[in-house]
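So the structure is just underneath, and the comments pick up after that.
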Amino acid sequence: MAESFVLNTGARIPSVGLGTATGKAEPGVVREAVYAAVKAGYRHIDCAPAYRNEKEIGLALKKLFDEGVVKREDLFITSKLWSGNQAPEDVSEGIDTTLEDLQLDYLDLFLIHAPLRSKKGAMPTPENFLPVDIPATWGAMEKLYASGKARAIGVSNFSCKRMEDLLAVANVPPAVNQVECHPGWQQMKLRELCQSKGVHLSAYSPLGKHGSPQSMIPSFLSNPIVISVAEKLNKTPAQVALRWGLQMGQSVLPKSTNEIRIKENLSIFDWSIPEDLMANFSAIQQVKVLRAEFVVHPKGIYKTVEDFWDGEI
């Protein structure tokens with residue numbers, strides 16, 4: 001299994017990246033995690049203004065560059081467009097803020113974080129949501145791609161319907177759709193669509209969101225099928241889940257601030273899941289964990305989570 005996938009731009013995206021949506025991590029924790037991850041061999045760091053830690057990540061990157069651990073061209077850095085910057089005239093400001101915080105001159109990949117637009121400068125809550133105009137936002141994203149500030153552009157949290165709508169109007173097709181994807185939510189329909197259109201599928205929460213207080217759903221990592229495969233291969237359930245993702249053709253973005261787990265999550269290249277065991281994953285019950293209930297309001301843009309996901313949950 002190659003340690004990278006080729007995007008439709010010709011660039012390579014590393015197969016495993018570090019997710020940085022670490023919630024309420026104490027100041028400095030994410031900075032240390034990024035530093036440890038790159039030292040351990042990670043070459044992809046996935047960021048977003050919504051995670052409220054890009055300045056910390058920028059400090060880690062500067063330290064890595066200053067110490068000669070890596071050069072800028074060795075890393076693949078992804079970030080995302082804040083919902084309050086989706087108006088076409090605000091898209092450039094969105095990437096400029098991120099570049100300043102990360103202390104970089106360009107991003108390897110810049111994504112529309114979600115089909116969710118909020119009033120500029122306001123919190124992304126239902127009363128502040130505005131109707132999206134993805135074609136207009138995408139047109140501004142294409143200008144960033146032409147300028148070189150973003151060497152690839154794409155989307156995140158886009159359903160099949162939204163992907164098809166975007167592909168119908170895009171002059172520059174999206175290089176990536178980053179979505180929740182793991183053995184407990186395999187996204188087969190979306191995967192097939194993306195593969196047929198040359199769009200790379202990248203998986204956030206590839207280990208699910210076990211222990212999530214807003215979900216009573218058991219972690220798929222405790223599923224008997226995952227445990228059985230892990231025992232047969234003498235691997236952890238997390239390693240099996242990540243390896244499953246790679247063999248399905250997607251990059252994976254596990255998040256952790258624990259150095260031992262960070263290293264463990266990268267140890268998935270010198271072995272594989274046999275075809276007969278891969279087939280067993282199709283029997284796992286499919287349940288979407290990250291449903292985005294926060295977007296729903298009776299008087300808002302999205303009345304139900306089904307509206308937001310175009311019924312694809």
Side-chain angles (χ1 to χ4, degrees), residues 4-14 17 19-21 43-55 57-58 61-62 72-121 124 130-158 162-179 194 197-202 204 251 253:
S4 63
F5 294 99
V6 180
L7 301 179
N8 58 20
T9 62
R12 288 188 171 272
I13 183 171
T20 61
R43 292 297 178 263
H44 182 188
I45 307 297
D46 181 68
C47 317
Y51 307 157
R52 302 181 183 279
N53 54 22
E54 289 195 323
K55 287 185 178 180
I57 295 169
L61 296 176
K62 184 177 187 303
R72 171 64 185 95
E73 57 267 28
D74 298 327
L75 296 183
F76 190 101
I77 308 295
T78 297
S79 190
K80 307 175 188 78
L81 181 67
W82 175 248
S83 60
N85 289 110
Q86 276 199 22
E89 63 271 19
D90 296 328
V91 171
S92 182
E93 178 185 322
I95 196 172
D96 287 346
T97 300
T98 278
L99 290 173
E100 180 179 351
D101 288 347
L102 293 176
Q103 302 187 49
L104 300 176
D105 296 323
Y106 67 91
L107 294 175
D108 296 277
L109 178 63
F110 193 48
L111 309 175
I112 297 177
H113 201 150
L116 189 68
R117 180 184 170 195
S118 57
K119 296 175 184 176
K120 188 175 182 181
L130 300 170
V132 296
D133 185 349
I134 296 301
T137 302
W138 189 252
M141 294 282 285
E142 291 179 334
K143 291 179 182 178
L144 294 181
Y145 175 66
S147 76
K149 285 185 179 180
R151 297 193 171 180
I153 53 176
V155 296
S156 181
N157 296 302
F158 269 45
R162 291 190 185 278
M163 285 299 302
E164 290 170 337
D165 289 348
L166 175 56
L167 288 164
V169 299
N171 293 311
V172 177
V176 170
N177 187 10
Q178 187 188 115
V179 295
C194 288
K197 301 296 184 180
V199 179
H200 176 71
L201 197 72
S202 191
Y204 70 72
S251 53
L253 303 166

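Every value quoted in this text rests on a predicted model; they were computed, and no experiment measured them. In what follows, every heavy atom counts, from backbone to side chain, and hydrogens, waters and symmetry copies are set aside.
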Check: What pairs meet the side chain to side chain donor-acceptor pair (under 3.5 Å) rule with one or both residues in residues 103-112, with sequence neighbours excluded?
Finding: Arg72-Asp108

Next item on the list: Go through the steps for Lys149 and Asp96 under the test salt bridge (Lys or Arg N to Asp or Glu O under 4.0 Å), then give the verdict.
Entry: CA-CA 9 Å; Lys149 285 185 179 180; Asp96 287 346; 2.7 Å; yes

Checklist line | Donor-acceptor contact present, side-chain His113 to main-chain Pro49, <3.5 Å | finding: no

Check: Is the backbone N or O of Leu111 less than 3.5 Å from a side-chain atom of Gln178, with the two atoms forming a donor-acceptor pair by type?
Finding: no

Checklist line | Partner residues of Lys55 under the side-chain hydrogen bond (donor to acceptor under 3.5 Å, both in side chains) criterion, sequence neighbours left out | finding: none

Item checked: Arg162 and its side-chain contact (heavy atoms from CB on, under 4.5 Å) partner, picked from Asn157, Leu167, Val132, Val155 -> Val132

Next item on the list: Could you tell me which residues satisfy side-chain hydrogen bond (donor to acceptor under 3.5 Å, both in side chains) with Ser118, sequence neighbours excluded, listed by chain and number?
Entry: Ser83

Item checked: Those residues that, when tested against Gln86, pass side-chain hydrogen bond (donor to acceptor under 3.5 Å, both in side chains) (two or more places apart) -> none

Notebook entry, point to check: Taking atom CD1 of Ile153 and atom CG of Leu144, what is their separation to the nearest 0.5 Å?
Noted result: 7.5 Å

Next item on the list: Look at the side chain of Asn8 and the backbone N and O of Gly198, then say whether any donor-acceptor pair between them is shorter than 3.5 Å.
Entry: yes

Item checked: Those residues that, when tested against Tyr145, pass side-chain hydrogen bond (donor to acceptor under 3.5 Å, both in side chains) (two or more places apart) -> none

Note to self: Can you confirm whether Cys47 sits close enough to Leu102 that some side-chain heavy atom of one is under 4.5 Å from a side-chain heavy atom of the other?
What the structure shows: yes

Notebook entry, point to check: Which residues satisfy the salt bridge (Lys or Arg N to Asp or Glu O under 4.0 Å) test with Asp165, sequence neighbours excluded?
Noted result: Lys161

Notebook entry, point to check: Got a second to check how far Thr20's OG1 is from Tyr51's OH, nearest 0.5 Å?
Noted result: 6.0 Å

Check: Under 30°, 30 to 60°, or over 60°: which ring-plane class applies to His44 and Phe76, parallel, tilted or perpendicular?
Finding: perpendicular

